[in-house]
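Side chains included, hydrogens not; waters and symmetry mates left out as well; all remaining heavy atoms used. Lettering follows sequence order; numbering is per chain, from 1.
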2 protein chains.
Amino acid sequence: MSTSRPQTRIQKKNKAAILEAALSVFSRHGFRGATLDQIANEAGLSKPNLLYYFPSKVSMHQTLLSNLLHRWLDPLIAIDPEGEPVEEVLAYVLRKLEMARLFPRESRLFANEIVQGAPNFMDQIEGELKVLVDEKAALFTSWMETGSLAKSDPYHLIFSIWATTQHYADYDAQVRIILRPQEDTHFADAAIYLETLFRRMLTPVPGLK
Amino acid sequence: MSTSRPQTRIQKKNKAAILEAALSVFSRHGFRGATLDQIANEAGLSKPNLLYYFPSKVSMHQTLLSNLLHRWLDPLIAIDPEGEPVEEVLAYVLRKLEMARLFPRESRLFANEIVQGAPNFMDQIEGELKVLVDEKAALFTSWMETGSLAKSDPYHLIFSIWATTQHYADYDAQVRIILRPQEDTHFADAAIYLETLFRRMLTPVPGLK
DNA sequence: GATAAGTTTGACCAAATGGTCAGAACCACG
DNA sequence: CGTGGTTCTGACCATTTGGTCAAACTTATC
């Protein structure tokens with residue numbers, strides 16, 4: 001209910017610059033490993049100036065995490081219960097891969113948080129995320145029962161989609177070294193591979209009941 | 001060539017306790033996020049005592065990483081060029097999943113290091129790991145050419161195996177929350193799911209040339 | 001059980017880190 | 001332009017952190 005003032009031009013610009021820098025630093029070094037000096041440097045501001053816009057280091061981190069949640073859930077929400085099942089799931093895979101390509105820092109921020117036991121993200125995982133996953137798992141199960149999707153464990157199916165796509169963001173350093181010659185095409189190659197992988201998994205085999 | 005003295009009883013015990021504690025702390029908080037006080041606490045030793053056994057914080061980290069490399073590569077080495085292709089790769093998948101179950105801290109240590117751009121692991125990834133991956137990728141390709149393994153990109157195949165299996169160690173916190181009711185059986189369920197996923201991917205379809 | 005080697009610790013240090021604050025500089029607007 | 005709010009900074013602070021060291025305490029060996 002607080003009558004919050006509208007942001008000034010400078011506030012908008014600097015808050016954005018700080019969050020941008022904080023995302024880079026937190027996603028590489030984790031919360032504890034990141035320092036305000038690094039963030040200030042990268043944002044082109046002084047350390048006390050950071051703390052003029054955000055009351056503390058944790059508040060920057062929390063802001064980033066809650067901004068992240070919606071972007072992270074959107075591709076899952078977009079699965080259409082009225083669509084063609086195999087194509088809907090494959091489209092989800094490709095959307096997730098696209099996220100890994102376009103927002104690798106966000107993916108790593110998330111990875112860092114989970115690896116550390118999700119100390120600041122538990123609530124959201126237990127809440128919105130779990131509800132949504134349960135809902136989509138139920139949708140997958142109903143598709144499997146009508147025979148329009150091959151039967152398998154819907155939760156582990158979702159995990160395998162997350163794992164394979166996020167791998168290209170989180171393990172970027174490893175992927176680049178191993179694929180050195182084809183560095184520039186590796187996302188396109190991954191898309192082809194993953195579409196095959198999941199199409200074979202999901203396409204119902206007519207002979208089986 | 002240095003004539004290194006044999007370790008005393010106490011040295012053996014305390015070095016092991018320190019590495020054990022360091023593994024726990026580094027794997028949760030990353031290198032920068034871990035503190036010597038935490039490690040000392042967990043090991044039941046004083047901070048100066050840690051530094052009697054290891055000259056610095058980085059030396060503990062490096063020791064853990066190089067101990068890790070061999071355990072990490074072994075399952076890949078064990079793929080037998082003389083074996084039945086589909087079964088060999090599936091056995092590799094299950095071995096990797098077993099590693100995620102038995103050594104989750106090691107997996108997270110590795111994940112932390114790669115997420116941060118592998119500052120202390122580059123050499124080994126560029127060296128031994130890349131050579132071994134190239135070798136096994138070539139083996140997969142030869143199997144694909146003789147028709148005993150379905151055709152696909154061997155590098156992305158390997159990535160997808162790593163990603164899906166390590167997910168259960170690295171994203172443990174998330175997995176446990178989403179699967180709460182079946183927490184205790186989730187590795188067994190994952191084994192069934194992943195075997196199906198990769199069997200469908202790898203089994204050659206007779207009708208296709 | 002003396003003695004030399006191995007082990008442990010409290011006290012300490014310099015650097016780094018998150019954060020504060022008074023005041024200076026800047027900007028929008030009448 | 002001047003004035004009131006906004007933005008920025010240098011100097012500062014308390015705490016944490018990796019690391020040192022001399023001295024004390026154990027342990028093994030003869």
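- Side-chain N or O atoms of B:R105 include none that pairs as donor or acceptor with a backbone N or O of B:S27 at under 3.5 Å.
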Intermediate values then yes/no, side-chain contact (heavy atoms from CB on, under 4.5 Å), B:T164 and B:F159: CA-CA 9 Å; B:T164 49; B:F159 290 154; over 6 Å; no
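- Positionally, the nearest nucleotide of DNA chain D for B:V58 lies more toward the 5' end than for the other of B:V58 and B:I10.
- For the OP1/OP2 pair of D:dC8 and a distance below 4.0 Å, the side-chain nitrogens and oxygens of A:N14 include at least one atom meeting the criterion.
- Within residues 17-43 of chain B, the residues having any heavy atom under 4.0 Å from DNA chain C are, by residue number, B:R32.
- One interatomic measurement links the two molecules: CZ of B:F54 to C1' of C:dT7, which rounds to 15 Å at whole-angstrom precision.
- As rounded to whole Å, 12 Å separates atom C1' of D:dT26 from atom NZ of B:K13.
- Ion pair A:R180/B:E126 flagged as a salt bridge, since at least one NZ, NE, NH1 or NH2 atom sits closer than 4.0 Å to an Asp/Glu carboxylate oxygen.
- Residue B:N49 contributes atom CG, which lies 16 Å from atom C1' of C:dA11 at whole-angstrom precision.
- You won't find any donor-acceptor pair under 3.5 Å spanning the side chain of A:K57 and the base of C:dG19, going by distance alone.
- Taking side-chain N and O atoms only, B:T8 has no distance below 4.0 Å to OP1 or OP2 of C:dG6.
- For B:Y52 and D:dA22, the OH to P distance is 16 Å, given to the nearest whole Å.
- Nearest nucleotide to the A:S56 side chain, out of C:dG10, D:dC8, C:dG19: C:dG19.
- If you measure from atom CG of B:L51 to atom P of C:dC12, you get 19 Å, rounded to the nearest angstrom.
- Across the protein-nucleic acid pair, A:K47 atom NZ and C:dA16 atom P stand 11 Å apart, rounded to whole Å.
- One side chain, A:T35 or A:Q38, offers a donor N or O that lies under 3.5 Å from an acceptor on the other.
- Sequence neighbours left out, the pairs with a member in residues 68-108 of chain A that pass ring-ring contact (aromatic ring centres under 6.0 Å, His included) are A:W72-A:F110.
- As a whole-Å value, the separation of B:Q11 CD from D:dT27 C1' is 12 Å.
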Test side-chain contact (heavy atoms from CB on, under 4.5 Å) applied to B:V115 and A:N112, step by step: CA-CA 8 Å; B:V115 164; A:N112 254 308; 3.6 Å; yes
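- Look at CD on A:Q7: it is 17 Å from C1' on C:dC27, rounded to the nearest Å.
- Of the residues B:V25, B:L50, B:L65, the one that meets the side-chain contact (heavy atoms from CB on, under 4.5 Å) test with B:M60 is B:L50.
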